[in-house]
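The block underneath contains the structure these notes are about, expressed in structure tokens.
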Amino acid sequence: MPLPRKASESHTIMTEMVLPNDTNTLNNLMGGRLLHWMDICAAITAQKHAHRTVVTASVDNVSFAEPIKLGNIVTFEAQVTRAFTSSMEVHIKVSAQNLSAGEKAIHTNAAFYTFVAVDQSGRPIEVAPVITETEEEKELFHSALRRRQLRLVLAGRMKPSEATELKALFGE
Ligand SMILES: CC(C)(COP(=O)(O)OP(=O)(O)OC[C@H]1O[C@@H](n2cnc3c(N)ncnc32)[C@H](O)[C@@H]1OP(=O)(O)O)[C@@H](O)C(=O)NCCC(=O)NCCS
């Protein structure tokens, strides 16, 4: 098994500017473009941890509560929360800022991505465990097991009866 690696070593910040080709007719950033940028930032984060090629296995639900406007600066901040055998969960937060108006950045989106490290033939390969240091890292590490079980149940890869952490959450 690869040697454990600190969660903070995967920390990634990526910045983009919303240009006309990224928007809909209301001059708002299109959801698909946002997901594309989030995927790139999260993939870089997972690669920093795995030191391997990674593929996106799943994306948990993303809500679009706040429109991001043409000309805004969009910042993506991501970190690996936990590694299992070949898969890693990445937490990504998005904020947007109208720099020319001197406004503060506002939080717009967040999501959990799952990446799987693969070899040259695309077969899953083992990744390093994650070492947590801060309270936030420890909380995200702990809750990652629950989120993994939920996504595997929804993907039809785990029986609900095997999702012990999830069942415990509902007091069963
Ligand atoms: C992801 C992929 C490598 C998994 O391969 P597989 O043959 O199903 O491998 P396994 O069943 O051994 O699963 C490997 C890991 O993937 C995880 N995984 C598989 N499907 C998953 C899903 N839907 N959500 C979360 N994790 C998933 C498994 O839990 C396992 O994790 P672990 O090793 O940490 O326990 C394979 O399905 C694949 O290549 N998918 C396409 C990836 C891709 O092209 N992404 C871009 C899409 S646009």
Side-chain angles (χ1 to χ4, degrees), residues 1-14 16 18 21-24 29-64 68 74 76-94 108-134 136-170 172:
M1 182 196 290
L3 290 175
R5 203 166 279 141
K6 288 179 184 175
S8 56
E9 287 180 47
S10 68
H11 187 253
T12 304
I13 294 181
M14 185 177 107
E16 293 281 347
V18 182
N21 206 31
D22 303 319
T23 63
N24 61 21
L29 175 64
M30 285 184 291
R33 181 76 81 217
L34 181 71
L35 290 172
H36 172 68
W37 286 337
M38 288 170 80
D39 190 36
I40 291 173
C41 180
I44 293 168
T45 307
Q47 275 194 40
K48 280 188 190 174
H49 181 78
H51 290 199
R52 289 280 180 181
T53 301
V54 299
V55 294
T56 315
S58 74
V59 186
D60 293 4
N61 62 309
V62 185
S63 308
F64 301 98
I68 301 176
V74 188
F76 304 84
E77 189 173 359
Q79 193 163 302
V80 170
T81 62
R82 185 163 178 165
F84 294 93
T85 303
S86 64
S87 68
M88 295 151 282
E89 183 190 70
V90 174
H91 185 218
I92 179 161
K93 295 182 279 188
V94 185
T108 55
N109 309 81
F112 290 96
Y113 277 68
T114 302
F115 289 88
V116 176
V118 293
D119 64 16
Q120 286 311 104
S121 313
R123 280 189 297 264
I125 191 163
E126 213 172 344
V127 291
V130 169
I131 300 169
T132 55
E133 293 172 302
T134 68
E136 187 185 5
E137 286 170 3
K138 288 179 199 305
E139 201 291 313
L140 284 167
F141 180 95
H142 179 71
S143 52
L145 189 54
R146 228 167 36 222
R147 289 188 295 275
R148 169 183 159 94
Q149 291 185 351
L150 180 59
R151 67 177 72 96
L152 292 181
V153 168
L154 291 175
R157 286 177 161 264
M158 180 182 266
K159 290 183 190 145
S161 57
E162 292 166 359
T164 47
E165 292 291 309
L166 267 186
K167 286 203 292 186
L169 191 64
F170 294 107
E172 287 182 27

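Counting starts at 1 for both ligands and their atoms, in listed order. Since the model is a prediction, treat every value here as computed from it, not as a measurement.
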Check your understanding: Just by distance, do the side chain of Glu77 and the backbone of Val94 share a donor-acceptor pair under 3.5 Å?
Key -> no
Review point. What atoms of ligand 1 come closer than 4.0 angstrom to any heavy atom of Leu152?
Key: 25 (C), 26 (N), 27 (C), 29 (O)
Review point. When you measure from atom 34 (O) of ligand 1 to every protein heavy atom, which one gives the shortest distance, and what is it?
Key: Ser87 OG, 2.6 Å
Check your understanding: Is Thr81 close to Val130 at the side-chain level, that is, under 4.5 Å between some pair of heavy atoms?
Key -> no
Review point. Under 4.0 Å from ligand 1, counting heavy atoms only, is it the side chain of Thr114, its backbone, both or neither?
Key: side chain
Review point. So which protein heavy atom does atom 15 (C) of ligand 1 come closest to, and at what separation?
Key: Ser86 OG, 3.3 Å
Review point. Can you find a pair of side-chain heavy atoms, one from His51 and one from Pro2, that are under 4.5 Å apart?
Key: no
Check your understanding: Nearest to atom 39 (O) of ligand 1, what protein heavy atom do you find, and at what distance?
Key -> Val55 CG2, 4.3 Å
Exercise for review: List the closest protein heavy-atom neighbour of atom 10 (P) of ligand 1: residue, atom name, distance to the nearest 0.1 Å.
Suggested key: Arg157 NH1, 4.1 Å
Practice item. Before giving the answer on salt bridge (charged side-chain N to carboxylate O under 4.0 Å, His left out), spell out for Arg157 and Glu162 the whole-Å C-alpha distance, their side-chain angles and the decisive distance to 0.1 Å. Key: CA-CA 10 Å; Arg157 286 177 161 264; Glu162 292 166 359; over 6 Å; no
Exercise for review: Considering heavy atoms of the protein only, find what lies nearest to atom 5 (O) of ligand 1 and give residue, atom and distance to 0.1 Å.
Suggested key: Pro124 CG, 3.9 Å
Practice item. For the pair Arg151 and Asp60, find out whether any cationic side-chain nitrogen is under 4.0 Å from an anionic carboxylate oxygen. Key: yes
Practice item. With atom 23 (N) of ligand 1 as the reference point, say which of Gly156, Ala43, Ala117, Ala57 has the nearest heavy atom. Key: Ala57
**Study point:** Residue and atom name of the nearest protein heavy atom (relative to atom 25 (C) of ligand 1), distance in Å to one decimal
**Key:** Ser58 OG, 3.6 Å
Check your understanding: Of all the non-hydrogen atoms in the protein, which one sits nearest to atom 16 (O) of ligand 1, and at what distance?
Key -> Val116 CG2, 3.2 Å
Study note, to complete from the structure: Atoms of ligand 1 under 4.0 Å from any heavy atom of Ala155, numbered from 1 in the order shown, are 23 (N)
Study note, to complete from the structure: If you scan protein heavy atoms around atom 35 (O) of ligand 1, the nearest is Arg148 NH2, 3.0 Å
Point to revise | Where ligand 1 meets Thr56 - atom numbers and elements under 4.0 angstrom, heavy-atom basis | key: 42 (C), 43 (C), 45 (N), 46 (C)
Exercise for review: Considering the heavy atoms of Arg151, write down every atom of ligand 1 situated less than 4.0 Å from one of them.
Suggested key: 25 (C)
Check your understanding: Looking only at side chains, do Asp39 and Thr56 share a donor and an acceptor under 3.5 Å apart?
Key -> yes
Review point. Just to confirm, does any protein heavy atom lie below 4.0 Å from atom 43 (C) of ligand 1?
Key: yes
Review point. Is there a protein heavy atom at a distance of less than 4.0 Å from atom 48 (S) of ligand 1?
Key: no
Exercise for review: Before accepting this row, confirm whether a basic side-chain N of the pair Arg52/Glu126 lies closer than 4.0 Å to the acidic partner's carboxylate O.
Suggested key: no
Check your understanding: Less than 4.0 Å between a side-chain N and a carboxylate O, is that true for Glu9 and Lys48?
Key -> no
Review point. Are any side-chain N or O atoms of Thr134 and backbone N or O atoms of Thr132, one a donor and one an acceptor, separated by less than 3.5 Å?
Key: no
Review point. Would you say atom 7 (O) of ligand 1 has a protein heavy atom nearer than 4.0 Å?
Key: no
Point to revise | side-chain contact (heavy atoms from CB on, under 4.5 Å) between Phe115 and Val90, worked out | key: CA-CA 8 Å; Phe115 289 88; Val90 174; 4.0 Å; yes
**Study point:** Side-chain donor-acceptor contact under 3.5 Å, His49 with Gln79
**Key:** no
